[in-house]
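To keep things clear, I will list the structure first and then write my remarks on it.
Every chain is numbered from 1 and lettered A, B, ... according to where its sequence line falls, protein lines coming before strand lines. Given the structure is predicted, the values throughout are model-derived calculations rather than measurements.
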Protein chains: 2
Amino acid sequence: MQSIGEAARETGVTAKMIRHYDSIGLVKPSVRSDAGYRYYADADLHALRFVKRARNFGFSLEQTATLLALWRDRHRASAAVKSMALAQVAALDAKILELQAMRQTLVHLAQNCRGNQRPECPILEDLSA
Amino acid sequence: MQSIGEAARETGVTAKMIRHYDSIGLVKPSVRSDAGYRYYADADLHALRFVKRARNFGFSLEQTATLLALWRDRHRASAAVKSMALAQVAALDAKILELQAMRQTLVHLAQNCRGNQRPECPILEDLSA
DNA sequence: CGCATCCTTCCCATTATTGGAAGGATGCGG
DNA sequence: CCGCATCCTTCCAATAATGGGAAGGATGCG
């Protein structure tokens, strides 16, 4: 049983966020002391690391909660998990395309801007067009 | 002089957001009636469209405020604008790379997940590893 | 004149995280 | 065994940008 500080050190999730995950019901400590201290069992630490990784993949906390429930269910079908992963890939694709379009337009505008002491600048001209 | 509703229709910025931009000092109406109604001059509408475009390029409101100030300054050097645009390109690049890395890992995991009724799934296994 | 539609301000919610304050609990050195 | 450092607790607030809604006043038109 680890205190919240120890759990934070071991999982790389800040104590602040661990309390937050507790408050929203995502990962709750197995034990609360009489004084209210949170104590995390190994399985809890595992869940915290799971959450951290899912967040790194860009899953929202809500998606992460679903994945966590699936992970805890030994009998779930892998299809449910796979479809979530593919949906996340599609969301990432859309976001990437959007950012690439922004980037390309900006690069194009910047290439046509002298970037000197004179005021002429197609970037602002385009923004105001 | 357009009322906020007319300004919203003409610029595509919602009345809600126009009020918000006023409250944070980004774009203020040229005139306020005795009753407190906001009235927007052509230059104000221009500024609202400018803001909308800058936001479409992924500039933050703070960056947008700077660009707007540069745009309003007839004597600014184009170098200042160009460096902001290039900084934004760099930020977009970093974000794109990050999303591509997420995407690739997820695709790889999903490819190795059968996605059937059985529980075996490398996606969850990786998340919990 | 009355009703529909607009407008105002103010408050709250979202998403995920971070910050701080005020106060209680624990642990260790002297 | 006392006091201090460090941990912990809860609550409140802020971030960025937008949206939703309530309560109430203003306007416009028939």
Side-chain angles (χ1 to χ4, degrees), chain A residues 1-40 44 47-68 88 91-92 95 98-99 102, chain B residues 1-40 44 47-68 88 91-92 95 98-99 102:
Chain A
M1 284 307 193
Q2 324 279 320
S3 71
I4 196 172
E6 291 163 340
R9 255 170 262 126
E10 290 194 20
T11 63
V13 181
T14 64
K16 200 88 184 179
M17 289 312 299
I18 294 179
R19 286 191 199 97
H20 181 58
Y21 291 156
D22 179 9
S23 77
I24 63 175
L26 186 62
V27 179
K28 288 193 161 294
S30 295
V31 173
R32 281 273 196 153
S33 75
D34 290 349
Y37 280 30
R38 294 167 179 85
Y39 288 99
Y40 289 85
D44 302 329
L48 287 172
R49 285 188 210 101
F50 183 102
V51 168
K52 194 180 184 196
R53 282 170 193 248
R55 298 285 303 125
N56 277 339
F57 279 128
F59 287 105
S60 68
L61 280 190
E62 197 176 354
Q63 287 175 309
T64 300
T66 303
L67 287 171
L68 198 52
Q88 177 62 8
L92 289 172
K95 193 74 190 165
E98 189 189 340
L99 295 183
M102 289 178 192
Chain B
M1 283 307 193
Q2 324 279 321
S3 71
I4 195 172
E6 291 163 340
R9 255 170 261 126
E10 290 194 21
T11 64
V13 180
T14 65
K16 199 92 183 180
M17 289 313 299
I18 294 179
R19 286 193 198 95
H20 181 58
Y21 292 156
D22 178 9
S23 77
I24 64 175
L26 186 62
V27 179
K28 289 194 162 293
S30 295
V31 173
R32 281 272 198 155
S33 75
D34 291 348
Y37 280 28
R38 294 167 179 83
Y39 288 99
Y40 290 84
D44 302 330
L48 286 173
R49 286 188 210 100
F50 183 101
V51 168
K52 194 180 184 197
R53 284 171 192 249
R55 297 284 303 123
N56 278 338
F57 280 128
F59 286 106
S60 68
L61 281 190
E62 197 176 353
Q63 287 176 308
T64 301
T66 303
L67 287 171
L68 198 52
Q88 178 62 7
L92 289 172
K95 194 72 190 165
E98 188 189 341
L99 295 183
M102 289 178 193

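The CZ atom of B:F59 sits 13.5 Å away from atom CZ of B:R53, with the distance rounded to the nearest 0.5 Å.
Pairing partner, C:dG2: D:dC29, with both Watson-Crick or wobble hydrogen-bond distances short of 3.5 Å. For C:dG20, the paired nucleotide is D:dC11, the pair qualifying as Watson-Crick or G-U wobble because both relevant distances are below 3.5 Å.
Rounded to whole Å, the distance from CD1 on A:I18 to P on D:dT9 is 10 Å. Per the geometry, CD belonging to B:Q63 stands 12 Å off C1' belonging to D:dA16, to the nearest Å. Whole-Å rounding puts the A:I24 CD1 to C:dT18 P distance at 13 Å. B:H20 has its NE2 atom 18 Å from the P atom of C:dA13, to the nearest Å. Rounded to a whole Å, the CD1 atom of B:I4 is 9 Å from the P atom of C:dT9. One can place CD of B:Q2 at 11 Å from P of C:dC7, the figure rounded to the nearest angstrom. A:E62 places its CD atom 14 Å from the C1' atom of C:dA13, with the value rounded to the nearest Å.
The side chain of A:R19 places no N or O atom within less than 4.0 Å of a non-bridging phosphate oxygen (OP1 or OP2) of D:dT10. The side chain of A:R38 places no N or O atom within less than 4.0 Å of a non-bridging phosphate oxygen (OP1 or OP2) of D:dC8. Using a 4.0 Å cut-off, no side-chain N or O of A:Y21 falls inside it from OP1 or OP2 of C:dA16. Residue B:S3 places no side-chain N or O under 4.0 Å from the OP1 or OP2 atom of C:dC6. Using a 4.0 Å cut-off, some side-chain N or O of B:R55 falls inside it from OP1 or OP2 of D:dT18.
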**OP:** For each nucleotide in nucleotides 19-30 of chain D, reading 5' to 3', give B when a protein heavy atom comes within less than 4.0 Å of its base, S when such contact involves only the sugar-phosphate, and - otherwise.
**Re:** SBB---BBS---
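A donor-acceptor distance shorter than 3.5 angstrom exists from the side chain of A:D44 to the backbone of A:S30, with no hydrogens or angles considered.
Side-chain proximity of A:L61 to the nucleotides D:dA17, C:dT17, D:dT9 is greatest for C:dT17.
Atom CD of A:E6 sits in a crowded spot, with more than 12 heavy atoms from other residues, nucleotides or ligands closer than 6.0 Å.
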